[in-house]
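Quick note: numbers below take in every heavy atom, side chains included, and nothing from hydrogens, waters or symmetry partners. Letters A, B, ... are given to chains in the order of the sequence lines, protein chains preceding strands, and every chain is numbered from 1.
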Amino acid sequence: MNPFTEKAIQIIKSIPQGKVMTYGQIAKVAGSPRGARQVVRVLHSMSANYNLPWHRVINAKGEIVIADEESAYSQKAMLKEEGVKFLANGRVDLKESRYDLNVAEEDWI
DNA sequence: AATTTGACATATA
DNA sequence: CTATATGCCAAAT
C-alpha cells in the first residue's frame with residue numbers, strides 16, 4: 001500500500017459519529033488533493049476488511065450519490081441515527097456535520 | 001505489463 | 001440550476 005491509502009483508511013476510521021467527510025477532503029488530507037476516486041475505491045474495497053464507516057463519507061455537495069439504493073438508504077438512515085443533520089433537500093448539512101481534520105503527518109501510521 | 005474502472009471533483013458554459 | 005469536459009491515481013481485471 002502507498003501512504004495515501006493507509007492515511008485514507010486511518011482518516012476514515014477516525015471520523016466520529018455524527019460527522020461526515022467528503023471524498024475530496026479525505027483525499028486532500030491523505031496527501032493527494034485529486035485522489036477523491038481512490039477514496040472511493042479504498043472505501044468499497046476495504047470497508048469489509050477494515051470495518052470502515054463508509055456511510056460517513058459523502059460527496060462535496062453533501063448529497064448521497066451511491067450507486068446502490070439500498071446502501072444509500074442505509075447510509076442515510078445510519079447518519080440520521082448518529083445525529084447528522086439533513087436538509088429538506090435530502091442533503092447532509094455539511095456546514096454542521098463536516099469533520100474538518102488536520103493531519104500532523106507523524107501522528108498517522 | 002497494459003488497460004479499464006470507479007460510493008468523485010472541479011471548471012467551464 | 002443542468003450539461004459537458006477534463007483531470008486524477010490506485011485497485012481490479
### Message
In this structure, how many angstroms lie between the P atom of dT10(B) and the CD atom of E63(A), rounded?
### Response
16 Å
### Task
Kindly point out which of dA9(B), dA10(C), dC1(C) is positioned nearest to the side chain of R91(A)?
dC1(C)
### Query
N59(A) has a side chain; which of dA7(B), dA10(C), dC8(B) sits nearest to it?
dC8(B)
### Task
Round to the nearest Å and state the distance from K61(A) atom NZ to dC1(C) atom P.
9 Å
#### Entry: Residues R91(A), D93(A): salt bridge by 4.0 Å N-O rule
no
### Query
What's the spacing between Y23(A) OH and I58(A) CD1 if we round to 0.5 Å?
8.5 Å
### Task
Identify the residue among V42(A), L43(A), N49(A) that makes a side-chain contact (heavy atoms from CB on, under 4.5 Å) with I9(A).
V42(A)
### Message
OP1 or OP2 of dA12(C) versus the side-chain N and O atoms of S45(A): is any pair under 4.0 Å?
### Response
yes
### Query
Counting side-chain heavy atoms from CB outward, which of dC8(B), dA7(B), dG6(B) is closest to R41(A)?
dG6(B)
### Message
Looking at K19(A) and E82(A), is there a salt bridge between them, counting it only when a charged N and a carboxylate O are closer than 4.0 Å?
### Response
no
### Query
A60(A) side chain: which of dA7(B), dC9(C), dA9(B) is closest?
dA9(B)
### Message
Please give the distance between the C1' atoms of dT5(B) and dC8(C) as a whole number of Å.
### Response
13 Å
#### Entry: N89(A) CG - dC1(C) C1' separation (whole Å)
12 Å
### Task
From the options dA11(C), dA7(B), dA9(B), select the nucleotide whose nearest atom is closest to the side chain of D68(A).
dA7(B)
### Task
Starting from P on dA7(B), measure out to CD on E69(A) and report it in whole angstrom.
15 Å
## Note on the structure
note: Q38(A), atom CD; dA10(C), atom P; distance rounded to Å ~ 6 Å
### Task
State whether the number of non-hydrogen atoms from other residues, nucleotides or ligands found under 6.0 Å of N89(A) atom CG is greater than 12.
yes
### Nearest-angstrom distance from the residue atom CG of L43(A) to P of dC9(C)
19 Å
### Query
Rounded to whole angstroms, how far apart are CD on E70(A) and C1' on dA7(B)?
15 Å
### Query
Over how many whole Å does the gap from I9(A) atom CD1 to dA11(C) atom C1' extend?
12 Å
## Note on the structure
Assign each of T5(A) and R34(A) the nucleotide of DNA chain C bearing its closest heavy atom; nearer the 5' end lies the nucleotide of R34(A)
